[in-house]
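Index from 1, following the sequence. Both counts, for ligands and for their atoms, begin at 1 and track the order of listing. Computed from a prediction, not measured in an experiment: that's the story for all the values here.
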Amino acid sequence: MPTKTRLPRPSVTAALILKRTDVRPRLGIVLGSGFGAIARAIQVEREFPYRDLPGFPVGSVQGHAGRLLLGLWHDIPVAVLAGRAHYYEGFELAESTFPTRVLAALGVTTLVLTNAAGGINSKFRVGDFMALTDHINLLGANPLRGPEPEGMNRFVDLTQAYDASLRTHWKAAAKAAKAKIHEGVYIAVSGPSFETPAEIRAFRTLGADAVGMSTVPETIVARQCGMKVAAVSCITNAAAGLGGKGQVVSHLEVLELARQREDIATQLVGGFVKRIG
Ligand code: HPA
């Protein structure tokens, strides 16, 4: 459930973690729907349930509690957030992005965000992937609203939110994983209801290629913390109104497709990590 208490300093939670592991992660990965299998590919050295980490959000819709994993992936020290707290669950964005701040405090300089998204661009097929070039924040909220964190700027520049040089590595990683990857703009909505066809038509006019309910808050916070961001979506469904006559968008359909693509998604992100590491 969303915490009503004030959040601790991210550095305090990070210090507690660093005391209990020798892993010094440079790379952070946030696992969204469709990317959960990455957790099984990591050589985990130490694992922390979110409930043991002060300030971490507890109580996710997926029914499994979140875990922070520290270990090696392709010989690169990584910190993996397995389980994210969404705005639609009732968390404040400052709460749901607290783990992102802790990653920065652990020493992470590059953050890889993953998610499931509905395809808006007519070139996208279900099961394809999309490397984010930019985003549109339609959540109606911003995680930086509120007091300015010590030593940080609240007026964060987002002109290069998704690092262009990191992004060049997705293509080769996708080829090796036999995955189809596009580039595009992700539009974030609060959910939890799916969109109407009229909304999707409007989003297409606005310049969006895929729609989802996550990632944008973490990107904004990561940029405030000075981390480089790379993000990738698994296109799990045609967005509302684009799936033909009789289409129903369902969470089950999203999860089922995401599950089917988990192995490819693991290879894709693994290849990407190898290339940028
Ligand atoms: N809409 C919003 N979020 C989503 C979708 C969608 O169609 N698919 C997966 N996440």
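- The distance from ligand 1 to the heavy atoms of A116 drops below 4.0 Å at these ligand atoms: 9 (C), 10 (N).
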Report task. Show your reasoning for whether side-chain contact (heavy atoms from CB on, under 4.5 Å) applies to F194 and M213. Result -> CA-CA 9 Å; F194 287 110; M213 303 176 191; 3.9 Å; yes
Requested in this report: Could you give me the CA-CA distance, side-chain angles and deciding distance for I276 and T110, then say whether side-chain contact (heavy atoms from CB on, under 4.5 Å) is met?
Outcome: CA-CA 9 Å; I276 66 168; T110 302; 4.1 Å; yes
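- For ligand 1, the atoms closer than 4.0 angstrom to any heavy atom of E195 are 1 (N), 2 (C), 6 (C), 7 (O).
- At the shortest separation from atom 3 (N) of ligand 1 among protein heavy atoms lies G212 CA, 3.4 Å.
- A donor-acceptor contact under 3.5 angstrom links the side chains of Q224 and R101, judged on distance only.
- Side chain of R167 to backbone of Y162: a donor-acceptor contact under 3.5 angstrom is found.
- A donor-acceptor pair is defined here as one N or O able to donate and one able to accept, closer than 3.5 Å; such a pair exists between the side chain of Q247 and the backbone of G241.
- Salt-bridge annotation for E262 and R259: absent, with no side-chain N of the basic residue lying under 4.0 Å from a carboxylate O of the acidic one.
- Close contacts of ligand 1 with T236, meaning ligand atoms under 4.0 Å from a residue heavy atom, involve 8 (N), 9 (C).
- Of all atoms in ligand 1, listed by their number and element, those nearer than 4.0 Å to a heavy atom of M213 are 2 (C), 3 (N).
- For the pair G118 and ligand 1, the shortest N or O to N or O distance falls below 3.5 Å.
- Heavy-atom minimum distance, V30 versus E218: CG1-OE2, 3.5 Å.
- Counting only heavy atoms of the protein, atom 4 (C) of ligand 1 lies nearest to V211 O, 3.6 Å.
- Listed by number with element, the atoms of ligand 1 under 4.0 Å from a non-hydrogen atom of V254 are 8 (N), 9 (C).
- If you check each of L255, V189, N237 against atom 8 (N) of ligand 1, the one with the closest non-hydrogen atom is N237.
- When heavy-atom distances to ligand 1 are checked against a 4.0 Å cut-off, A117 comes that close only through its backbone atoms N, CA, C and O.
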